[in-house]
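Everything on this sheet refers to the single structure shown next.
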Amino acid sequence: MTSIPDPVVEPQLLNAMRPAPGLGALFLACLKIGLLSFGGGLSDWLYQEFVLRNRWISDEDFASSLAISQMLPGANVVNLVICMGDDLRGLAGSIACVLGFLVGPFFAVIALSAVFDSLPDVTMLEAASNGVAYAALGLLLVICLKGVQRAMKFPPSLVVIAVVAIAVGLMKLPLIPVVLVVAPISVALAWRPS
Amino acid sequence: MRDDDLVTLIAVFVPFSLLSIGGGSAIIAGIQHESVAVHSWISSREFIDLFAISRAAPGPGTMLATLIGWKVAGWWGALAATMALFVPSSLLCYGVIKVSNAHKAKRWHKAMREGLAPVGVGLIIAGVMAIFQLAGGGLLAAGIAVASAALLLWMPRCPTVGVLVAGAGTMLLWAQFGATG
């Protein structure tokens, strides 16, 4: 796969691109984003770092990488750094990006959890933890609202959302078989009208 | 015994890795069900705490799996759960970008994306319901969640960690002054 943008479409962008970074630079860039990205919005950070600041990746390649990473299972941002790492440095680039990206949060969550467990005032701790959880539900609600809004353009998608939410959320059916049944149907529905 | 735990952690998280459609938030309901109800690794209370910690910490929210692994079997558990959740989906992603000429927009990409997106949204709604029921916060919980969502919709540039801190602050004030029992 090549990372060179189409020169006919984006001549000025091609001139502006910098040479692909080394594995160490990729690792460090991802380490930084992994550690600094509190509370989500990580693809924005990646955009800032890879496209705007370092000019390693073109706007266009970023957009198509983002689309692929959102389509596939797995944390979107992890898929995104795999795509960009591969564009820049092949398999080794992908591995450097994923390791750099996950190693910081890995120790950070464990450290935070250890601090949490060591704090004495259980009642206040529970209250704070509930507050964070409720607010985090709000963040998820935003994602849901935007998803429902997008689905309005194609009513069968609304039915899919409702079926999955009711089956897994209300009826407590196990997630895996529900997805295995509904996902192919939903993809098939999306196939025809396009 | 510990080896069994590691194997179980991997067996639980590998399928979730491949089914986390639209990202890690989609499998919250599934992870909650497996770790609280099926395997009794953690209590409902602990699940809420781990969810809150994983959201407040840097990195993808899926680090929730790391924390569950940590609770079950220490460092090795954390490593096993993290690998189980990130390696399969990463291999799949790498395979797909290698096999398909990924930067060319293709019809099946579009169908996959548009078809899977509503499944992902439905799963996130299920996750919201699962945590809402588990936390049992009633109106107050709903109020904080809706207020946080409204805040982010009106001010998309507002840092999310600020929203989480505001949620914690509200509950602390409530615990201090508002609660009667």
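Numbered from 1 within each chain, the chains take letters A, B, ... in sequence-line order.
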With chain B, which of [options] has the greatest number of heavy-atom pairs at distances under 4.5 Å?
options	value
L35(A), I33(A), I166(A), V182(A)	L35(A)
I110(A), V98(A), V168(A), V160(A)	I110(A)
C144(A), A63(A), A162(A)	C144(A)
L158(A), V164(A), L125(A), I143(A)	V164(A)
I185(A), V178(A), V163(A), L72(A)	L72(A)
P184(A), P174(A), A165(A)	A165(A)

Linked, directly or transitively: [X] and [Y] (ILVMFWY side chains, under 4.5 Å):
X	Y	value
M84(A)	L23(A)	no
I68(B)	W76(B)	yes
F27(A)	L91(A)	yes
M171(A)	L123(B)	yes
F101(A)	L79(B)	yes

Heavy-atom distance under 4.5 Å between the side chains of [X] and [Y], does that happen here?
X	Y	result
I28(B)	L140(A)	yes
L112(A)	M63(B)	no
M129(B)	L137(A)	no
F16(B)	I176(A)	yes
R150(A)	E114(B)	no

Grab the two heavy atoms, one from [X] and one from [Y], that are nearest each other, plus how far apart they are.
X	Y	answer
K146(A)	L153(B)	CE-CD2, 4.4 Å
L164(B)	A136(A)	CD2-N, 3.6 Å
G138(A)	S148(B)	CA-CB, 4.1 Å
A127(A)	L172(B)	CB-CD2, 4.2 Å
V119(B)	A183(A)	CG2-CA, 4.0 Å
V109(A)	S54(B)	CG1-CA, 4.3 Å

If I measure from the heavy atoms of chain A, does [X] come under 4.5 Å with its side chain, its backbone, both, or neither?
X	result
F86(B)	side chain
L152(B)	side chain
A147(B)	neither
L151(B)	neither

Is [X] in contact with chain B via its backbone, its side chain, both, or neither, using a 4.5 Å heavy-atom distance?
X	value
A151(A)	neither
L175(A)	side chain
V78(A)	side chain
L180(A)	side chain
L102(A)	both

Measuring from atom [atom1] of [X] to atom [atom2] of [Y], what distance do you get when rounded to the nearest 0.5 angstrom?
X	Y	atom1	atom2	value
S129(A)	M171(B)	OG	CE	9.5 Å
L139(A)	I124(B)	CG	CD1	11.5 Å
C93(B)	I68(A)	SG	CD1	7.5 Å
L91(B)	I82(A)	CG	CD1	8.0 Å
E46(B)	S113(A)	CD	OG	9.0 Å
L141(A)	F132(B)	CG	CZ	9.5 Å

*Give a yes or no on whether W154(B) atom CH2 has more than 12 heavy-atom contacts from other residues, nucleotides or ligands under 6.0 Å away.*
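Result for CH2/W154(B): open.
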- prompt: Take atom CG in L139(B); do more than 12 heavy atoms of anything else shown fall under 6.0 Å from it?
  reply: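 No, the 6.0 Å shell around CG holds no more than 12 heavy atoms from other groups.
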Picking from [options], which has the most non-hydrogen pairs under 4.5 angstrom with chain A?
options	value
L116(B), L67(B), T62(B)	L67(B)
P88(B), P60(B), A141(B)	A141(B)
G24(B), A135(B), A29(B)	A135(B)
P118(B), S89(B), A149(B)	P118(B)
H33(B), E34(B), Q133(B)	Q133(B)
G115(B), A78(B), G61(B)	G115(B)

*Near-ring test F106(A)/W70(B), centroid separation under 6.0 angstrom*: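 No - the distance between ring centres of W70(B) and F106(A) does not fall below the 6.0 Å cut-off.
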